[in-house]
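Below: the structure, in structure tokens.
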Amino acid sequence: MELTLNEKRLLVTLGPMGSADAAVLAEKMDARREAVVQYAILAADRGLVDVEKHVARRYVPTEEGRAYMEKGLPERQVLESFEESIPMRDLQSHPLAKIAIGWMRKKGWIALRDGVVTKTGATAPGPDETAFARLAERGEIADGEGVADLVKRGLVAEEETVAYTVSLTPRGRELLSLGLDLREEVGTLTREQILSGEWRSLPLRRYDVTKLPKRAYPGKLHPYQRIIDEMRRILFDMGFEEMSGGIVQSSFWNFDALFQPQDHPAREMQDTFFLGERWPLPAGYERVRDMHEHGGGTSSTGWGGTWSAEKAMQCVLRTHTTSLSIQHLAAHPKPPVRAFCVGRVYRREAIDPTHLAEFEQLEGIVMDEDVNLRHLLGFLKEFYAKMGFEKVRFRPGYFPYTEPSVEPEVYVDGLGWVELGGSGIFRQEVTEPFGIEHPVLAWGLGISRVAMLRLGLRDLRQLYRSDVDWVRETPTYGGRR
Ligand code: PHE
């Protein structure tokens, strides 16, 4: 039988006592108690020792309990502060009156008549008080009558202590009597030890090659973040730059600049989280106003009515990342523009396995001379192909800011066609107020769904759970197919 040095030391230490508490052994072996328990469990596997675990419960005072240790429970202190009777009003001036009066009445120690408190005579200590007195004396008590009441009152707290007793078995004793080699084991041989042949007589550490090693969980990125980074990589590879922007946006950038009418249902409470803040409108906002009211300098007739600057200033949690696209274009109205972002958006949705009130979108824009719908479809196809979705199709859609509008769908085995977001070419009503003179291809894709499909999840919520086991067990490959 090959024992580790630690097991041998444990047996030798245990020898004279036969049986000992792990804490005692730890002290004698100059080791941590947990380590000793570990050695003991190994030795127990070989039948050399028995390990017995005892769980003990003890009760110790809480901070409040400690405050009464010296003078006793509040009701006792207050009871002793007056003779036979006392006007309630006077009694109430005692600092502990608030806690004590209720308990004195509950315990039947006092009676109250005409505003005067009188002792009933039945004021002997109950089991709780007796237990409390024992606690005061010893600092800790075992479970017993009255203790539960003290726990309920928050005066004492339960503490669990675990102890281990290790005892030598007859087999262990027999082995010990044969004598054990307590020399340090050698795990690595030196050149000299090999050349001199000394290795023959060294106590070499044995390895059990049939044992599985302990699993190692090195730090790694969250699976969802990995997929997001993969998407970012793809877009960088396709020549895009990354845009960024805040989660809070004014309605102006989230809606108005995108030619969404101010009475559009998507702006209403059921979809949008409105915030109390108001942000000022950017210079040149009048052109957006004019576009809404009558089509500005274009052939559009706009939405008509009066456009409210007040409404446009109100802040929202962005409902789509398209609010960043339009700001990027406003800042870069000259071609070429190729930009993307991945960002969280917020909508007031009923939450279920496939809908959340917050999710991520991958937004992209391409502006250049003469780009058209074929380029848009090409970009989307290319992106999805790189993500591993071979079959992509496009359905006509509607968005207030694009014309034409397209809804891309990918085919997923076992699920069929899955809708993944929206896209289109920005209308002139969107581009003209910002002096953009060339077509803008735009898309906003829901990517949490894509991630869910790629990770084989059935419930979107799993993506956002703090589930370390899931993060550990999800392989880091499984990326591109
Ligand atoms: N913003 C749209 C959405 O959130 C997607 C979209 C973006 C549509 C760009 C067209 C152009 O669903």
Side-chain angles (χ1 to χ4, degrees), residues 231 235 238 240 242-247 249-261 264-268 270-273 316-330 332 337-349 354-368 371-381 383-384 392-410 418-432 434 436 438-451 460:
M231 294 179 181
L235 281 143
M238 289 168 77
F240 284 69
E242 192 165 21
M243 347 175 236
S244 61
I247 278 164
Q249 296 290 338
S250 62
S251 291
F252 181 84
W253 288 120
N254 196 75
F255 298 123
D256 296 278
L258 290 164
F259 198 55
Q260 300 200 61
H264 192 281
R267 284 170 86 131
E268 297 302 322
Q270 77 263 21
D271 276 322
T272 305
F273 291 108
V316 301
L317 292 181
R318 65 186 183 203
T319 63
H320 54 184
T321 37
T322 319
S323 56
L324 302 193
S325 296
I326 187 61
Q327 286 174 81
H328 187 80
L329 288 167
H332 305 92
V337 172
R338 265 186 207 203
F340 81 97
C341 70
V342 179
R344 187 169 287 193
V345 300
Y346 301 81
R347 291 184 197 170
R348 237 194 85 179
E349 299 246 23
T354 54
H355 292 90
L356 296 179
E358 26 187 315
F359 53 95
E360 281 69 29
Q361 283 188 325
L362 183 143
E363 191 82 17
I365 41 173
V366 173
M367 186 239 289
D368 211 342
V371 287
N372 60 36
L373 186 65
R374 293 166 64 98
H375 296 112
L376 174 62
L377 305 190
F379 269 113
L380 293 171
K381 256 196 153 133
F383 170 73
Y384 281 123
V392 184
R393 75 177 184 187
F394 302 99
R395 295 195 320 162
Y398 171 78
F399 300 98
Y401 31 94
T402 47
E403 180 58 39
S405 302
V406 171
E407 290 179 1
E409 295 181 335
V410 296
V418 181
E419 188 194 312
L420 289 176
S423 63
I425 302 180
F426 275 154
R427 300 175 72 108
Q428 208 191 355
E429 286 96 330
V430 174
T431 52
E432 199 267 354
F434 298 103
I436 298 157
H438 296 281
V440 179
L441 317 177
W443 58 87
L445 312 173
I447 57 165
S448 37
R449 285 255 200 107
V450 175
L460 209 45

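The residues of the chain are indexed from 1 along the displayed sequence. Atoms within each ligand, like the ligands themselves, are counted from 1 in listed order.
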Original post:
Touching ligand 1 at all, Gly421? Heavy atoms, strictly under 4.0 Å?
Top reply: no
Original post:
Hey, is Tyr401 one of the residues with a heavy atom under 4.0 angstrom from ligand 1?
Top reply: yes
Of all heavy-atom pairs between [X] and [Y], which one has the smallest distance, and what is that distance?
X	Y	result
Gly421	Pro408	O-CD, 3.3 Å
Val342	Leu362	CG2-CD1, 4.1 Å
Leu324	Arg318	CD1-NH1, 3.7 Å

Could you list the atoms of ligand 1 found under 4.0 angstrom from a heavy atom of [X]?
X	answer
Thr402	10 (C), 11 (C)
Thr322	1 (N), 7 (C)
Glu363	7 (C), 9 (C)

Original post:
Just going by heavy-atom distances, which of Ser323, Gly364, Ala442 is nearest to atom 11 (C) of ligand 1?
Top reply: Ala442
**OP:** Hey, can you tell me if His320 and Phe255 have their rings parallel, tilted or perpendicular (30° and 60° cut-offs)?
**Re:** tilted
From [X] [atom1] over to [Y] [atom2], what is the distance, rounded to the nearest 0.5 angstrom?
X	Y	atom1	atom2	value
Gln327	Gln249	CD	CD	4.5 Å
Leu258	Thr319	CG	OG1	9.0 Å
Thr322	Gln260	OG1	CD	8.5 Å

**OP:** Taking the side chain as every heavy atom from C-beta outward, state whether Val316 and Phe273 have any pair of such atoms under 4.5 Å apart.
**Re:** no
Subject >> Nearest neighbour in protein (non-hydrogen) for atom 8 (C) of ligand 1 >> reply: Gly422 C, 3.4 Å
**OP:** Give the residue and atom name of whichever protein heavy atom lies nearest to atom 7 (C) of ligand 1, and the separation in Å to one decimal.
**Re:** Gly444 N, 3.3 Å
Original post:
Can you find an N or O of Trp443 that's nearer than 3.5 Å to an N or O of ligand 1?
Top reply: no
Original post:
Can you check whether Ser423 has an N/O within less than 3.5 Å of an N/O in ligand 1?
Top reply: no
Original post:
Where on Arg347 is there a heavy atom closer than 4.0 Å to ligand 1, on the side chain, on the backbone, on both, or on neither?
Top reply: side chain
